[in-house]
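To keep things clear, I will list the structure first and then write my remarks on it.
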Amino acid sequence: MSYLGEEIKKLGFGLMRLPQKDGVIDIEETKAMVDAFMDAGFTYFDTAWAYAGSEDAIRQALVERYPRDKFQLATKNAAWINCKTREEAVAQFETSLKQTGAGYFDFYLLHNLGEGRTHYFDDFDMWSWIREKKDQGQIRHMGFSFHSTPEELEAILNAHPEMEFVQLQINYADWENPAVQSRACYEVARKHGKPVIIMEPVKGGMLATPPESVQKILRDTEPGSSAASWAIRFAADLEGVITVLSGMSSMEQMNDNLSYMKDFHGLSDAQKETLEKAREELARIPLIPCTSCNYCAKVCPKDIGISGSFTAMNYLTLYGNADMARHQEQWLVGGHGKKQAVECIKCGKCEEACPQHIKIRETLETVADKLLK
């Protein structure tokens, strides 16, 4: 299906997690993956100024090896990273042009709006800047990626109806997750008539290896299909989706994705029922019942990232991946300017404020023990 006048197949190559060799991006394997992707008829590549080495790698693996009109290249502007002025923010665009050698970008995104990051794009008036770049022909389509609440997404789209598309985190695990609200954000975008690019369909790789009870549900229906294939097909089946980004880091992952997405025509009712069972099974796994209302944060004298700590702990419980859970804790706590669980002074004010009646002090001790040692 065509969106924004572009014919794009439902699988996009996310370039955030490219293969590595000796601690640097493996250009030769990246070239092989690009070739397999293009040979299968897929054309959408997603990078970002903030993805270390990625723009340079895709110049070597794609831009210098294929005609420019045979692929779509997307990159992003992160005005909230170390930018004190508008000039510093817009300089990222020139850096991206130089690093990719692309000449122009088919899709250009204001990167990771939401929470305390949106105001940078407002303060630097990046909204008028991106329109100027489109008018000049250096950007073909303008949009933004987003990580926050449906209410904030609604406010941004009301203020900036000129944005042509939205990139959202959507996967079957987060579809009804109160901390992520994938479904609600998707519905806001569609209400505003914006097509959606989907990121994190496999939840950073976690849905490639979900809990065994979930894997059994998927295997019993399709013994030969990978768990990751279910996650990507769930996302690709949604209406109004331009493409689904998969952050592939090996030829094995590329070949798996191509095997089921090359001729993807949607999910059957039986497949949708299987995914609903998988989601229900995930929901049955005992998790910290935090809804990220952050009432606790409002009364915490140490400004501890309580809800972020609990989200990270839930990742560990669900997926058994300690490295990924620690990464989430670092982003959701330290990355948001909050203190870690080990700083809790056990005053109990948080528990008085918590509508879910969580034993917060005790649970923060568990976080500190499992993730911070």
*What pair of heavy atoms forms the shortest contact from A61 to V34, and how long is it?*
O-CG1, 3.6 Å
*Please say which of R183, R190, K191 ends up in a side-chain hydrogen bond (donor to acceptor under 3.5 Å, both in side chains) with E187.*
R183
*Can you measure from CD (E28) to CE (M33) and round to the nearest 0.5 angstrom?*
13.5 Å
*Smallest separation among heavy atoms of I285 and P211, with atom names*: CD1-CG, 3.6 Å
*Decide yes or no for I156 and L113: does some side-chain heavy atom of the first lie under 4.5 Å from some side-chain heavy atom of the second?*
yes
_Side chains of Q169 and D174, donor plus acceptor under 3.5 Å_ = yes
*Pick out which of F93, F121, F124 makes a ring-ring contact (aromatic ring centres under 6.0 Å, His included) with W129.*
F93
_E252 CD: over 12 foreign heavy atoms closer than 6.0 Å_ = no
*For residues F144 and F165, establish whether the separation of their ring centroids is below 6.0 Å.*
no
*Mutual orientation of the aromatic rings belonging to Y319 and Y315 [parallel < 30°, tilted 30-60°, perpendicular > 60°]*: perpendicular
*Answer yes or no: does atom NE2 of H327 have more than 12 heavy-atom neighbours from other residues, nucleotides or ligands under 6.0 Å?*
no
*Do L97 and E94 have side-chain heavy atoms sitting under 4.5 Å apart?*
yes
*Are any non-hydrogen side-chain atoms of F146 and N112 less than 4.5 angstrom apart?*
no
*Spacing of R65 atom CZ and R59 atom CZ [to the nearest 0.5 Å]*: 13.0 Å
_Do L110 and W127 make a side-chain contact, defined as non-hydrogen atoms from C-beta onward lying under 4.5 Å apart?_
yes
*Around E239, counting heavy atoms of other residues, nucleotides and ligands shown, do more than 12 lie under 6.0 Å from its CD?*
no
*Looking at side-chain heavy atoms only, is the closest gap between Y3 and I8 below 4.5 Å?*
no
*Find out whether M313 and L316 are in side-chain contact, i.e. whether some heavy atom of one side chain is under 4.5 Å from a heavy atom of the other.*
yes
*So with a 6.0 Å cut-off around OH of Y104, is the heavy-atom count from everything else above 12?*
yes
*Hey, would you say the H119 and W80 ring centroids sit under 6.0 Å apart?*
no
_Between S128 and D125, do the side chains contain a donor N or O and an acceptor N or O under 3.5 Å apart?_
yes
_Polar contact flag, side-chain donor to acceptor under 3.5 angstrom, T47-E55_ = no
*Check whether I242 and V188 end up in the same hydrophobic cluster, where Ile, Leu, Val, Met, Phe, Trp and Tyr are linked by side-chain heavy atoms less than 4.5 Å apart.*
no
*Does any N or O in the side chain of R68 come within less than 3.5 Å of the main-chain N or O of A102, such that one atom is a donor and the other an acceptor?*
yes
*May I ask you to test the L168-H147 pair for a side-chain heavy-atom distance under 4.5 Å?*
no
_Modelled atom types, side-chain donor and acceptor of S246 and Q253, under 3.5 Å_ = no
_Does any part of the side chain of T221, heavy atoms only, come nearer than 4.5 Å to the side chain of K277, both counted from C-beta?_
no
*asked:* Please check this pair: side chain of E164 against backbone of M142, looking for a donor-acceptor N/O pair closer than 3.5 Å.
replied: yes
*Side-chain (D106) to main-chain (R140) donor-acceptor, under 3.5 angstrom*: no
*Would you call the rings of F13 and F37 parallel, tilted or perpendicular, where under 30° means parallel and over 60° means perpendicular?*
tilted
*Decide if atom NZ of K134 counts as having more than 12 heavy atoms of other residues, nucleotides or ligands within a radius under 6.0 Å.*
yes
*Backbone N or O of K272 within a donor-acceptor pair of the E276 side chain at under 3.5 Å?*
no
*asked:* Just checking K98: does its NZ atom have more than 12 heavy atoms from other residues, nucleotides or ligands closer to it than 6.0 angstrom?
replied: no
*asked:* Quick one: does any side-chain atom of D46 pair with a main-chain N or O of A74 as donor and acceptor, under 3.5 Å?
replied: no
*Whether F234 and Y172 hold their rings parallel, tilted or perpendicular, with breakpoints at 30° and 60°*: perpendicular
*Between E152 and E115, is there a donor-acceptor pair closer than 3.5 Å when you use the side chain of the first and the backbone of the second?*
yes
*Using the six-membered ring wherever Trp is involved, compare the ring planes of Y186 and W175 and label them parallel, tilted or perpendicular (cut-offs 30° and 60°).*
tilted
*Looking only at non-hydrogen atoms, find the nearest pair between Q92 and C83 and report the distance.*
NE2-SG, 3.5 Å
_Assess, by modelled atom type and distance only, whether the side chains of Q271 and E222 contain a donor and an acceptor separated by less than 3.5 Å._
yes
*For the residue pair Y66 and D35, confirm or rule out a side-chain donor-acceptor distance under 3.5 Å.*
yes
*Which atom of K359 lies closest to which atom of T363, heavy atoms considered*: O-OG1, 2.7 Å
*Closest non-hydrogen atom pair, K203 against A173*: CD-CB, 4.3 Å
*Is I217 reachable from L275 through a run of I, L, V, M, F, W or Y residues, each pair having side-chain heavy atoms under 4.5 Å apart?*
no
*asked:* So does E29 get a backbone contact from the side chain of D26, meaning a donor-acceptor N/O pair under 3.5 Å?
replied: yes
*asked:* Does either side chain, that of H141 or that of Q72, offer a donor lying less than 3.5 Å from an acceptor on the other one?
replied: no
_Atom NZ of residue position K31 - does it have more than 12 heavy atoms of other residues, nucleotides or ligands inside 6.0 Å?_
yes
*asked:* Can you give me the closest heavy-atom contact between P201 and A231, atom names plus distance?
replied: O-CB, 3.3 Å
_Looking at S225, is its backbone amide N or carbonyl O close enough to the side chain of S229 to form a donor-acceptor pair, meaning the two atoms are under 3.5 Å apart?_
no
*With a cut-off of under 6.0 Å to the ring centre and 45° to the axis, is K10 in cation-pi contact with F264?*
no
*Count the heavy atoms of every other residue, nucleotide or ligand shown that sit under 6.0 Å from CG of N82, and state whether that count exceeds 12.*
no
